[in-house]
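Single-structure report; data block below.
Chain letters run A, B, ... following the sequence lines, proteins first and then strands; every chain starts at 1.
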2 protein chains.
Amino acid sequence: MPKATFFNLKEEKRQILIDAAKQEFSRVSLYEASISNILKTAGIPRGSFYQYFDDKEDAFFYLLNEHAQERHECLISNLKKFDGNLFKAISEIFKSTLEHSEDKGQRDFIRNVLLNMNYKIENTFSQYLSEDVANERYDDIYDLVNAEQLNVANRKEMFHVMQILTAVTFHNLIHSVSNNLSISDAMKKYETELGLLQSGLLRSSS
Amino acid sequence: MPKATFFNLKEEKRQILIDAAKQEFSRVSLYEASISNILKTAGIPRGSFYQYFDDKEDAFFYLLNEHAQERHECLISNLKKFDGNLFKAISEIFKSTLEHSEDKGQRDFIRNVLLNMNYKIENTFSQYLSEDVANERYDDIYDLVNAEQLNVANRKEMFHVMQILTAVTFHNLIHSVSNNLSISDAMKKYETELGLLQSGLLRSSS
DNA sequence: ACTATATGTGACACGGTGTCATAAGTCAAG
DNA sequence: CTTGACTTATGACACCGTGTCACATATAGT
């Protein structure tokens with residue numbers, strides 16, 4: 001988490017910093033990014049950066065978290081829109097992420113995040129899927145999902161469904177970006193796999 | 001790929017280098033690893049390292065590839081052992097990976113690989129799952145899998161099944177390691193999810 | 001012994017990180 | 001107003017890792 005000093009900053013200056021950081025993390029991955037570049041772009045002295053953040057990870061995860069929150073709200077609203085149909089809601093998120101990653105500005109940041117996704121980054125995105133039953137954000141989702149249509153008996157099994165969907169969705173996002181698939185090719189692949197997930201990988205014994 | 005010079009090295013010296021590199025990559029992730037430490041451990045001068053490798057990534061992916069090959073052979077032999085039952089074969093791989101990551105020596109290397117898994121690392125593991133139909137290694141697997149029991153009509157659909165299984169398997173491996181699950185808890189979670197995958201996430205309309 | 005080619009070596013320039021002593025600003029109490 | 005306590009700003013600096021390069025050494029073929 002950024003330090004208090006960062007949040008005490010004047011709106012304008014904070015935005016300059018955020019923009020500079022985002023620009024650097026759009027250029028290269030977290031690991032290749034250099035604080036020096038952020039300083040140069042933002043026009044602040046070295047020491048100041050360390051007043052606001054612990055290190056570049058701190059700045060990166062601050063930005064990422066903002067994104068993740070947007071995604072989470074998007075999922076909630078999609079669930080409402082599609083009457084709790086989890087597959088439709090998640091497929092819509094998938095699509096909008098790909099479209100987002102066509103926007104100039106957002107594009108390269110999201111690309112870099114996806115191409116360097118690891119468990120820590122993924123957790124930032126999907127913290128609300130915690131197994132921890134006390135987790136509020138998970139409750140939000142659980143309550144909205146129409147569990148009737150799912151092959152689950154209780155909240156615990158629902159957790160596994162979310163895990164599977166998360167895994168397959170991220171896997172497809174990353175695959176799409178790393179192979180430069182067109183949005184329509186990416187959607188075709190993803191929806192094929194969602195279809196398989198729904199009906200099951202085993203042939204129904206006939 | 002390591003340079004020719006590396007492969008021309010005397011067996012003994014090459015092994016020293018490999019051990020030193022593995023030690024460093026067991027200590028920390030690829031990005032935190034330092035060539036300097038490898039040099040110190042192996043007792044070779046700086047210039048030599050660059051005779052053998054382009055950079056630390058080169059060394060890392062050389063080691064990783066060795067592992068991936070073992071895994072691949074393991075999958076092949078499991079498929080034979082279980083008469084083409086893909087789920088049993090893959091579940092066995094999952095288990096043996098977790099057990100491997102209990103071995104002193106192997107353990108920390110695998111842990112670091114899993115915790116810092118990204119698409120490039122994952123591709124090293126699963127290159128044999130290429131969509132490219134000309135890919136020999138994929139053929140090996142396709143031929144061995146008993147496709148009768150799967151909900152697929154052709155090789156292309158089989159590709160999607162493999163993609164899903166890869167995504168869920170890696171996701172579980174990473175989850176297990178990052179949450180320090182015991183092997184039996186990890187297996188329980190993984191097998192629950194495999195079960196869901198097999199029967200499908202949608203409730204069968206009754 | 002001579003030459004060509006491959007390999008070994010470590011000093012060096014470069015660039016990035018995080019820190020620290022010091023300067024500058026803010027604000028409330030006297 | 002000014003004094004003092006606290007917060008924020010600054011940039012020089014020590015430290016460390018990287019990749020290179022000119023030079024040294026080994027190896028093998030003629």
Side-chain angles (χ1 to χ4, degrees), chain A residues 1-64 108-109 112 116 118 120, chain B residues 1-64 108-109 112 116 118 120:
Chain A
M1 273 283 285
K3 305 184 182 174
T5 318
F6 175 70
F7 296 107
N8 293 338
L9 239 37
K10 264 188 295 185
E11 181 63 28
E12 195 199 2
K13 187 167 183 186
R14 192 167 66 240
Q15 196 57 47
I16 288 178
L17 245 180
I18 290 177
D19 290 345
K22 197 160 207 166
Q23 184 178 322
E24 178 64 0
F25 292 125
S26 297
R27 190 180 67 82
V28 287
S29 77
L30 167 57
Y31 297 103
E32 295 168 287
S34 100
I35 294 175
S36 294
N37 278 333
I38 299 178
L39 304 179
K40 214 181 300 172
T41 306
I44 61 169
R46 183 159 206 83
S48 292
F49 183 89
Y50 291 96
Q51 298 281 22
Y52 311 137
F53 303 104
D54 287 328
D55 49 28
K56 66 178 166 171
E57 281 218 359
D58 195 22
F60 177 80
F61 280 100
Y62 169 70
L63 292 183
L64 190 60
D108 294 328
F109 181 70
N112 275 319
N116 297 283
N118 59 22
K120 222 172 150 186
Chain B
M1 274 283 286
K3 304 183 182 173
T5 318
F6 176 70
F7 297 107
N8 293 339
L9 238 38
K10 264 189 296 187
E11 181 64 29
E12 196 199 1
K13 187 168 182 185
R14 191 166 67 241
Q15 197 56 49
I16 288 178
L17 244 180
I18 290 177
D19 290 346
K22 197 161 207 166
Q23 184 178 322
E24 179 63 359
F25 292 126
S26 298
R27 190 180 66 82
V28 286
S29 77
L30 167 57
Y31 297 103
E32 296 168 287
S34 98
I35 294 175
S36 295
N37 278 332
I38 299 178
L39 304 179
K40 216 181 298 173
T41 306
I44 62 168
R46 182 156 208 86
S48 291
F49 183 89
Y50 291 95
Q51 299 279 24
Y52 311 138
F53 304 104
D54 287 328
D55 48 29
K56 65 178 167 173
E57 280 217 359
D58 194 23
F60 176 80
F61 281 100
Y62 169 71
L63 292 183
L64 189 60
D108 294 328
F109 180 70
N112 275 319
N116 298 282
N118 59 23
K120 220 171 152 188

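A perpendicular orientation is assigned to the rings of A:F25 and A:F60, their planes being inclined by more than 60° (bins at 30° and 60°).
At whole-Å resolution of the value, OH in B:Y31 and P in C:dT17 are 16 Å apart. Nucleotide D:dT18 holds its C1' atom 18 Å from the OH atom of B:Y52, rounded to whole Å. Going from atom CZ of B:F49 over to atom C1' of C:dG10 covers 16 Å, rounded to whole Å. B:K40 places its NZ atom 11 Å from the P atom of D:dT18, with the value rounded to the nearest Å. Across the protein-nucleic acid pair, B:L39 atom CG and C:dG8 atom P stand 14 Å apart, rounded to whole Å. Atom CD of A:Q51 is separated from atom P of C:dT19 by 12 Å (rounded to the nearest Å). When rounded to the nearest whole Å, the span between CD1 of B:I44 and P of C:dT9 equals 9 Å.
Relative to the side chain of A:S48, the nucleotides D:dA9, C:dG8, D:dG17 differ in distance, and D:dA9 lies closest.
With respect to B:D58, the side-chain contact (heavy atoms from CB on, under 4.5 Å) criterion is satisfied by exactly one of B:Y50, B:F53, B:F49: B:F53.
Between A:K120 and A:E57 a salt bridge is recorded (basic side-chain N to carboxylate O distance below 4.0 Å). The pair A:K56-A:E24 fails the salt-bridge criterion, with no side-chain N (NZ, NE, NH1 or NH2) lying under 4.0 Å from an Asp/Glu carboxylate O.
Of the residues in residues 4-14 of chain A, none lies under 4.0 Å from DNA chain C by heavy-atom distance.
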Requested in this report: If a protein heavy atom is under 4.0 Å from the base, mark B; if only from the sugar-phosphate, S; if neither, -; do that for nucleotides 19-29 of chain D going 5' to 3'.
Outcome: BB---------
Report task. Applying side-chain hydrogen bond (donor to acceptor under 3.5 Å, both in side chains), run through A:E32 and A:S29 and close with a yes or a no. Result -> CA-CA 5 Å; A:E32 295 168 287; A:S29 77; 3.2 Å; yes
**Report entry** Step-by-step side-chain hydrogen bond (donor to acceptor under 3.5 Å, both in side chains) determination, A:Q51 to A:S48
**Finding:** CA-CA 5 Å; A:Q51 298 281 22; A:S48 292; over 6 Å; no
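Considering only side-chain N and O atoms, B:S36 lies under 4.0 angstrom from the phosphate OP1 or OP2 of D:dT18.
For B:F7 and B:Y52, the gap between ring centers reaches or exceeds 6.0 Å.
Residue A:F53 is classed as having no contact, given no heavy-atom separation below 4.0 Å to the nucleic acid.
A distance-only check finds no donor-acceptor pair linking the side chain of A:N118 to the backbone of B:N118 [under 3.5 Å].
Side-chain atoms of A:D19 and A:Q15 include a donor-acceptor pair closer than 3.5 Å.
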